Amino acid sequence: MSDAPIPLLRAQAPPPAVPAGPPVDSLYVHVPFCAHKCEYCAFYSGQAPGEVIQRYVGALVRELEVVAPDCRPRTVFFGGGTPSLLNLRQWETVLTTMHRVGLGDAAEWTVECNPATVSADKAALLRSHGVNRISMGVQSLDEALLDRLGRVHSRDMVFRSVDILRAAGFDNLNIDLMFAIPGQTMDIWHRTLDEALALGTEHLSCYEVIYEEDTPLYEQMKAGEVDVDEDLACDMYEALVDRSAEAGFQQYEVANFGRRRRAGETVDRPDVEEFIPAFACRHNIGYWRGRDSYGLGPSASEWVRGVRSRNWSNTALYCEQLEKGRRAKEFAEALPPIGRAGEMAAFGLRMNAGWPFGEFKARTGFDLRDEWAFEMTQLQLRGWAERTETHFRLNRKGLRFADSAAEMFLRLEGTAVGK
Ligand code: SF4
């Protein structure tokens, strides 16, 4: 990975006083390494030599120890990057640390995997330490499109990985797919969707290709080398919503679909409420509902008791700071309560359930019906939303434009408290 040179750190303002409270019950860990950088990817991730990965593991152990006294996670999510790129010994170090410091008893523990890096040994190790959900970055099951995206795995590796994970005892798998990929026809999308559903996955996350600045795909788009067809993208999204529903999935967020519990199925995951299926990702629901969460690893963001902060997107600097015994924070800011409430309103509207008025008020102290009455009416007039006695939620059309709808609910900027 080509990190920027280590920035000179200015004297830091005193860290914001995080008020005492019950331990935070959500934990995210960013593993910033990948075998190869995909054409479309703007995440902080990339290739790195073995000694850098080893140094990162040491720093992560330190960071886990630092946050452990204030964290009792119900959900854990290792994302990236490619967490499955860590070797067996590195995983063993991380997993035993998680248990030693009291972070290893989550009800839902997800690890993201690339199908090229799933092995029977690794799957068994993760499962035996309490990891119970695997999220696989598949993106497509069409070989030509996998090449086009710069993915390192083949379609066969996807099928093999699912078999390996099932044999290791994983009964909760997610598959990530992308649509509106340059060169992807509706036929190809239908085939990929059908094959993914036939794999028996419990969850699908499906994203439209985004042309992020500083990615090869963005440069190709700027140079006019790719056709961007918004109508086709809309049709693909509609096909996704319909086909997944036919296969027993329920959409519970703009891009996320979970399988409902089948009659007679004995899983420890009841359908939570009308709009949230049994196999929804509880960790991500926490984000959309504004739950506090620690974020560890380079570039990871966190939100803890009114303070939002982010680690440096620089692995060398991250390691250096942790080796000195302190967390590697690039910035921290406290949002005014109305600003945080606006963010929570915006995120929550991404869910099909929308916001129950009572829950929103209990979490933020603000009433959607008072503070955002104008915006809610506007969305209803556009035909994007519905309002009941108890809820406000986007409808099928509104969810397609959830980003624009959500933006209307944002309020004031935060106040920087340390850099
Ligand atoms: S594997 Fe994921 S994180 Fe890594 S480069 Fe590709 S899209 Fe980005």
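Each ligand, and each atom within it, is numbered from 1 in the order the structure gives. Note that the structure is a prediction, hence the values are computed from the model and not measured.
Near S45, meaning under 4.0 Å from any of its heavy atoms, are these atoms of ligand 1: 3 (S), 4 (Fe), 5 (S), 8 (Fe). Using a 4.0 Å cut-off to heavy atoms of Y40, the atoms of ligand 1 that qualify are 7 (S). Shown in contact with C34 at under 4.0 Å from a heavy atom are these atoms of ligand 1, numbered in order with element: 1 (S), 3 (S), 4 (Fe), 5 (S).
Among all protein heavy atoms, the one lying closest to atom 6 (Fe) of ligand 1 is C38 SG, 2.3 Å. Among protein heavy atoms, the minimum distance from atom 2 (Fe) of ligand 1 is reached at R151 NH1, 4.0 Å.
Remark: of the listed residues R327, E330, K329, E333, K329 is the sole one forming a side-chain hydrogen bond (donor to acceptor under 3.5 Å, both in side chains) with S309.
Distances from atom 8 (Fe) of ligand 1 show that C41 has an N/O/S atom below 2.8 Å.
What you find for N311 and E63 is that their closest heavy atoms are ND2-OE2, 3.0 Å. The nearest pair of heavy atoms linking L146 to S154 is CD1-C, 3.9 Å.
In this structure, G81 is part of the shell of residues with a heavy atom less than 4.0 angstrom from ligand 1. Using 4.0 Å as the threshold, E112 has no heavy atom nearer than that to any atom of ligand 1. Remark: distances from the non-hydrogen atoms of H36 to ligand 1 include one below 4.0 Å.
Between R55 and E51, none of the side-chain N atoms (NZ, or NE/NH1/NH2) sits under 4.0 Å from a carboxylate O, so this pair counts as no salt bridge.
Aromatic ring centroids of Y28 and Y287 lie 6.0 Å or more apart. The distance between the ring centers of F179 and W189 falls below 6.0 angstrom. Taking the six-membered ring for Trp and the full ring otherwise, Y252 and H203 have centroids separated by under 6.0 Å.
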